[in-house]
Amino acid sequence: MAKVIDGKAISSAMLDKVAADVSALKAAGVEPCLAVILVGDDPASQVYVRNKHRACERVGIRSVSHLLPADTTQQALLDLIDTLNDDDTVHGILCQLPLPAHLDAEQVLLRIRPDKDVDAFHPANVGRITIGNAELLPCTPAGVMEMLRYEGISPAGKHCVVIGRSNIVGKPMALLLLAANGTVTVCHSRTPDLASFTRQADILVCAVGKRGLVTADMVKPGAVVIDVSINRDENGKLCGDADYEAVSKVASAITPVPGGVGPMTIAMLMRNTVTAANAQSR
Ligand code: GUN
């Protein structure tokens, strides 16, 4: 049976470390602050934003919410970002996605000052991640890398297969694994014979958002399976892309859903906020 990688416990250890860094910053006269923008009333986004504020509270980061109505104009949102960009007491700015359809998310993300972009979604930060000199790392892929490090699993010399090519997870995940000397294959929804690739994976990262996508016969015995997705099964229970019970019998280690990658993402957001506050107070 696979070892269950406990994202909650690893995240908790990371948050303790971030809290110590926050205390040190406060002692030096800097109070790290994260501004979170939520447009509209998407229930899932409301839960995510609440969890982000809770994490801020836990580590001592000041958090400010900007809850805007669903009919907010592009200009009003850009104006708010300009105000936050110019506010020296705000170190991190996060605009929760998805935005309502009438808003241009790309333009919004471009407006956030790269050194306050704690999601690391701005093209300037994506470029730095590509080159390998980034300070702010994309939270979910960085969380996966921390989990692997914590478990003593090095991607070096391993064949890492990432299923999914989103800007938020798949693409930056591939870049971080590559930077850690993994040999990386990126598959996606249009990859023919997906199993022929996944069966070669020493480390398999699933980030498609399709329950039941990865079955036990698609996993090499002894592989490490990292399941980033959060789906619901036919009973409304949370699940990932991998058939957890069956894959657990083949893999050497696996992340559960919930309690796997999810808690790591928030811990990395807290770390990025401290990194941003440090950089801005230098
Ligand atoms: N929506 C879902 N995941 C994320 C994330 O990591 N950052 C932002 N800003 N919005 C999201």
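Atoms within a ligand are numbered from 1 in the order they appear, just like the ligands themselves. The structure displayed is predicted, hence computed values, not measured ones.
Listed by atom number, the atoms of ligand 1 under 4.0 Å from Leu94 heavy atoms are 9 (N).
We find that Asp6 and Lys8 are not joined by a salt bridge, their nearest charged nitrogen and carboxylate oxygen being 4.0 Å or further apart. The pair Arg282-Glu135 meets the salt-bridge criterion, since a charged nitrogen lies less than 4.0 angstrom from a carboxylate oxygen.
Within the 4.5 Å cutoff, no side-chain heavy atoms of Phe121 are placed close to those of Val126.
Heavy-atom distances between Cys139 and ligand 1 stay at or above 4.0 Å for every pair. Ligand 1 has at least one atom lying under 4.0 Å from a heavy atom of Phe121.
On a distance-only criterion, Gln96 and ligand 1 share at least one N/O pair closer than 3.5 Å. Inclusion of Ile168 in the set of residues having an N or O under 3.5 Å from an N or O of ligand 1 is not warranted.
The hydrophobic cluster containing Leu213 does not contain Val169, counting ILVMFWY residues as joined when their side-chain heavy atoms lie under 4.5 angstrom apart, directly or transitively. Cluster membership check: Val118 does not share its hydrophobic cluster with Ile168, using side-chain heavy-atom separations under 4.5 Å among Ile, Leu, Val, Met, Phe, Trp and Tyr.
Here the rule is side chain to side chain contact (heavy atoms under 4.5 Å, CB included) with Val18, and of Asn272, Thr275, Leu269, Val59 only Val59 fits it.
Looking at Asp117, Leu269, Asp119, it is Asp119 that brings a heavy atom closest to atom 9 (N) of ligand 1.
Of the protein's heavy atoms, Leu97 O, 2.8 Å lies nearest to atom 1 (N) of ligand 1.
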